[in-house]
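Each remark here refers to the structure printed beneath this line.
Lettering follows sequence order; numbering is per chain, from 1. Atoms considered below: every heavy atom in the structure, side chains included; atoms not considered: hydrogens, waters and symmetry mates.
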There are 2 protein chains.
Amino acid sequence: MPAHKKKLSEKIDLGGGHRMTPQRQVVYDVLMSSRDHPTATEVFIRVQEKMSSISLATVYNCLDTLAVAGIVKQVNLDREPSRYCGNLAPHAHFHCETCATVMDIDLKDGVEPSSSVKLPRGAKIQKVEVEVRGKCPECVRTEKKKDTL
Amino acid sequence: MPAHKKKLSEKIDLGGGHRMTPQRQVVYDVLMSSRDHPTATEVFIRVQEKMSSISLATVYNCLDTLAVAGIVKQVNLDREPSRYCGNLAPHAHFHCETCATVMDIDLKDGVEPSSSVKLPRGAKIQKVEVEVRGKCPECVRTEKKKDTL
DNA sequence: TTTTTATCAAGAACTATTCTAAATAATATT
DNA sequence: AATATTATTTAGAATAGTTCTTGATAAAAA
Ligand SMILES: [Mn+2]
Ligand SMILES: [Mn+2]
Ligand SMILES: [Zn+2]
Ligand SMILES: [Zn+2]
């Protein structure tokens, strides 16, 4: 079952004496129930529909706690606000420069993302990030439609 | 001849009615004469040694103009301040989490960096960025030395 | 020269994010 | 249970990198 379809309100262990509070749960649920990559402010807006009393500071706190606990991912693209992602599987991101959408890209089976670069010998690799920028299929289609008018 | 060893004060065309002013030239020279990836503030400090009257705002303006003209690269890693790079050849970046150094990584010949991901069909790819995080060779060595004490 | 356009510089403004401090709530200890 | 300890939430202040504004300066064009 894909992560984003997991039953909501599932109790998760955060470890390190951290509690899964109602605020953290609702932030977590919002991320797990969406495939897009909302910013903290967008998460805040979505969370408010379920818990109108929550503050933006708490959303930032919760996102950080969840990210440090490793149950959500913080996605940083360029100079833009951080986005958050509930997809824990290793994956890359496609960033559409036309509509600003961020979408997950699967990795090809058996191909390490690091295999295209000459890793510095003696270095200890912790993480490899691949980011693709361009025009998403939908925007390419819209563009072409415009051409034929 | 590698880009960073080019003769300094080389006159460059910026295109689009833009002038290579003394300020832009000195900012450009600073980037071309270093292999590290300085932030705008670090560039500012280095530039001041040659031109003490320059302002930080102008350094930001110059860096932006040079980057838009495509003769330097803006490098954005995580939430940190932007860094700037005079290496125009396609390359990736290694970011040491211990000493914060950013170094260039060459791409393997004949291997597209995009080959490790399942590109969305119909998308128009403009740029693929690969970022490696971990511990650089020097920091790995320092760490090991500490172990044997 | 006169006019136009580009650039510079200083500081204000902006924005995403973090910090502070007080209130609240959960947990542990007695 | 009562108390003490610790974690969490919250609003707002503070921070930091960057961008914007505006008037001065300089270069280019006419
Ligand atoms: Mn993702
Ligand atoms: Mn570089
Ligand atoms: Zn798009
Ligand atoms: Zn290092």
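- Between Thr21(B) and dC8(C) there is a side-chain N or O to OP1 or OP2 distance below 4.0 Å.
- Comparing Arg79(A) and Arg19(A) by the nucleotide of DNA chain C whose heavy atom lies nearest to each, the residue mapping closer to the 5' end is Arg79(A).
- Here dT20(C) presents its P atom at 18 Å from OH of Tyr60(A), a figure rounded to the nearest Å.
- Nearest-nucleotide mapping onto DNA chain D: of Pro81(B) and Ala57(B), the residue sitting toward the 5' end is Pro81(B).
- Residue Val26(B) comes nearest to Lys50(B) through the heavy atom pair CG2-CD, 3.4 Å, listed as atom of the first residue, atom of the second, then distance.
- Here the side chains of Lys124(A) and Glu143(B) are not in contact, with every heavy-atom distance at 4.5 Å or above.
- Within the nucleic acid shown, Glu80(A) has no heavy atom closer than 4.0 Å to any nucleic acid atom.
- With contacts defined as side-chain heavy-atom distances shorter than 4.5 Å, the pair Pro22(B)/Met51(B) qualifies.
- Computed from coordinates, the Leu63(A) CG to dA16(C) P distance equals 15 Å when rounded to whole Å.
- Annotation for Cys85(B) and His91(B): closest pair SG-NE2, 3.5 Å, computed over non-hydrogen atoms.
- Put simply, CZ on Arg24(A) is 12 Å from C1' on dA26(C), counting in whole angstrom units.
- Comparing Leu56(B) and His18(B) along DNA chain C, the residue whose closest nucleotide (by nearest heavy atom) sits nearer the 5' end is His18(B).
- A salt bridge links Asp36(A) to Arg46(A): at least one charged side-chain nitrogen sits closer than 4.0 Å to a carboxylate oxygen.
- Look at CD on Gln25(A): it is 14 Å from P on dT8(D), rounded to the nearest Å.
- Atom CE of Met51(A) and atom C1' of dT9(D) are 11 Å apart (whole Å).
- Within the nucleic acid shown, Thr41(B) has no heavy atom closer than 4.0 Å to any nucleic acid atom.
- Rounded to whole angstrom, the span from the CD atom of Gln48(B) across to the C1' atom of dA9(C) amounts to 13 Å.
- For the OP1/OP2 pair of dT17(C) and a distance below 4.0 Å, the side-chain nitrogens and oxygens of Ser82(A) include at least one atom meeting the criterion.
- In this structure, Asp78(B) atom CG and dT17(C) atom P are separated by 13 Å, rounded to whole Å.
- Between the CD1 atom of Ile54(B) and the C1' atom of dA10(C) there is a distance of 14 Å, rounded to whole Å.
- A sub-4.0 Å separation between OP1 or OP2 of dA25(C) and a side-chain N or O of Gln23(A) is absent.
- Among the protein residues, Asn61(A) comes within range of the nucleic acid bases, having at least one heavy atom under 4.0 Å from a base atom.
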